2 protein chains.
Amino acid sequence: MRKVRLADVAAVAGVSMKTVSNVVHDYPHVTPEMRRKVQQAIDELGYKPNLTARRLATGKTGMIALAIPEIDHPYFSELSRYIAEEASARGYRVLVEQTLSNPAAERAVLNDREAGVVDGVIFHPVSMNSMEVARLKRDVPVVLLGESTMPVTADHVMIDNVVAAQEGVAHLLAQGRRRIAFLGVVEGDVTGSTDQRLLGYQQGLVDARMPLDPRLILSVTDFTPEESARAVREALAAGLGFDGLVCRDDRFATGALYALRTAGVGVPEDVAVVGWDDTELGRWATPTLTSIAPDKRELAATALQLLGERIDGYQGIGRHRIVSHSLIVRESAPLAAAVLSS
Amino acid sequence: MRKVRLADVAAVAGVSMKTVSNVVHDYPHVTPEMRRKVQQAIDELGYKPNLTARRLATGKTGMIALAIPEIDHPYFSELSRYIAEEASARGYRVLVEQTLSNPAAERAVLNDREAGVVDGVIFHPVSMNSMEVARLKRDVPVVLLGESTMPVTADHVMIDNVVAAQEGVAHLLAQGRRRIAFLGVVEGDVTGSTDQRLLGYQQGLVDARMPLDPRLILSVTDFTPEESARAVREALAAGLGFDGLVCRDDRFATGALYALRTAGVGVPEDVAVVGWDDTELGRWATPTLTSIAPDKRELAATALQLLGERIDGYQGIGRHRIVSHSLIVRESAPLAAAVLSS
DNA sequence: GACCGAGCTTACAGCGCTGTAAAAAAACTG
DNA sequence: CAGTTTTTTTACAGCGCTGTAAGCTCGGTC
């Protein structure tokens, strides 16, 4: 059984192809009788428009790519969900491109070898710094996500990481914590993605006239809970005293909670922990994790808004949008009152 | 600056379009000199082949859709990752279609209104039963995932849920647990997706000549940790005694751990808990979660294998493949020896 | 040296749809 | 009712690429 084409429907209905096309698209100027005749032929033949052909003719694909490091990391999977929902609401489908933090894969996202796949790209780089991103000029509109500084030439959506980290630190200080550590700086991280958060952490301490102790900045070799657990375990073993911990993300916090628990350190009694991203991982951790929560829905909506404008032809300079965040207080770092009363 | 087309390259290189096409595709019978000339023209003009046009000409899109209920559920996001990797290894890109468990959205996956978007679909239905799936006949090849029974007409990949659940129960019995509960049957779940697991749970008890107590089967109203926590909390409040718990997935187990902890019930001392899916959520839970682990990589590889064969024209009857699973033992339900020694 | 076949290259007709411009039909108008 | 305007329908040229079949080269053969 051969594929049914627009021309077949036209032949059966005894009208031109264009009229069939008009019916398919609900074009207003079609007489009811025509519409009926055509619709009947469509139903009879089981006609389904071929999107590839439509795309070739119109030059629009109705698809956007979402390029993220790893889809199974809670922050990215939750973000994907919102992006998918927002995209769907705007009539786009989402092609997920997993870069696995691989520089070559990331470069390929911007420097793509082929055209006509998607109308735009939402890209969260991790292995490229701002200059590299700026250098690769791409034909298709791009909106960047992520914490690191991005070229002024490109659209970019993020939360105010410095302020958020300051708030995290302030929250711990308000509980009377005095030795607050930061976990973790990732070795070889070229994006400076953690820098903003680290900066905010330091700023938060300075604001409160607290000393900065470089030993309180824990570093890790990669982005895994295993590594963060290792870093915390070693810090404890080395006798590093701390009563508060701000983590660069919930996965790090999760590893930290594990290390603290197995070392017999109480959370929040001995150490209060603040995570970042407010993922499901933290919502059900033990203790449940206080976390800095980017407004993911707003992030997704903003990214799609900017991308949509670019797709529609906006040519201006890069827009940099800050979306809101909040501190979700849970057990790992409760409100001051809760600690006092315990 | 206009788009560069194959014809433009051909004109600059002074050859035919087809020769350029042959160079782009690394077709062997092209003389080195031609290849050089053409390549130079390609580089000079910055030519990028238009995939939409290629797709129209070849009739292949090189894309597959992955239709899952919710991308941010750990099991699905982890599965997505493997599917994406396997697909990428086979030269396919993945279009993620989130059905949100919505019957209309699921029906749309099979009954699609348009052609030429993807070459095949990997679909994990949750709101359709076997008969409905069978009824909707689709033009594009489909491979089904998921625990429920599926029509013999379609390809289907799953683990042996009955055996896996039996093993979970056996593991608990080996520790001396005698009152083992099952969490949870989802009200209004038409797929029977949980049925296999429940069946295995019952079979496991029967195998050991243990009594079946219907009160030990906890039901929930939806697929959230909140709901499972509620169900466990109420069971405890109602005085339901149990010392083992098999959960239909890690998210339920996560909610259960929370409810048990807040009720002061020790895990694993008082109740040993087995989850399902072996997600990151359980790997870092407190206590770390013993879980039934489908081999997700094998699942993804098998699904893509079957789908690839269908795309390549295989027309035979539905294949039903069982992929392997294992029980990952962690703290929430340790080995018998570990319990005895504690 | 005419002929042959293998190796390269080319011309061109689609793939299925939409945009444009023009034709045809219908609806007004005075 | 001829002339004008408006609405509806049509014909057809692309969109950019690939497959096919035919044409051209050129070294090897007898």
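Below, chains carry the letters A, B, ... as their sequence lines are ordered, and counting in each starts from 1. Just so it is clear, the structure is predicted and the values come from calculations on it, not from any experiment.
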Quiz item: B:His25 side chain: which of C:dT10, D:dT18, C:dT9 is closest?
Solution: D:dT18

Exercise. Between D:dC17, D:dA11, C:dG19, spot the one nearest the side chain of B:Arg5, thanks.
Key: D:dC17

Are [X] and [Y] close enough for a salt bridge, meaning some N to O gap below 4.0 Å?
X	Y	result
A:Lys37	A:Glu33	no
B:Glu114	A:Arg93	yes
A:Glu78	A:Lys296	yes

Practice problem: Could you say whether B:Thr31 or A:Ala53 is positioned toward the 5' end of DNA chain C, judged by the nucleotide with the nearest heavy atom to each? | Solution: B:Thr31

Exercise. Return the 5'-most residue of the pair B:Thr58, B:His29 with respect to DNA chain C, ranking by each residue's nearest nucleotide.
Key: B:His29

Starting from [atom2] on [N], measure out to [atom1] on [X] and report it in whole angstrom.
X	N	atom1	atom2	value
B:Lys60	D:dC17	NZ	C1'	17 Å
A:Asp8	C:dC15	CG	P	10 Å
B:Tyr27	C:dT10	OH	P	13 Å
B:Leu56	C:dT18	CG	P	12 Å
A:Arg36	D:dT8	CZ	C1'	17 Å
B:Lys3	D:dG16	NZ	C1'	11 Å
B:Met34	C:dT10	CE	C1'	10 Å
B:Leu6	D:dG16	CG	C1'	8 Å

Exercise. Please work out if B:Thr19 contacts a base, only the sugar-phosphate, or nothing of the nucleic acid, heavy-atom cut-off 4.0 Å.
Key: base

Quiz item: How would you label the contact of A:Met17 with the nucleic acid (heavy atoms, under 4.0 Å): base, sugar-phosphate, or nothing?
Solution: base

Exercise. Would you kindly check whether a donor in the side chain of B:Lys18 faces an acceptor in the base of D:dG19, or vice versa, at under 3.5 angstrom?
Key: yes

Quiz item: Between the side chain of A:Ser77 and the main-chain N/O of A:Asp72, is any donor-acceptor distance below 3.5 Å?
Solution: no

Quiz prompt | Member of B:Asp155, B:Ile122, B:Leu307, B:Asp312 meeting the side chain to side chain contact (heavy atoms under 4.5 Å, CB included) criterion with B:Pro141 | solution = B:Leu307

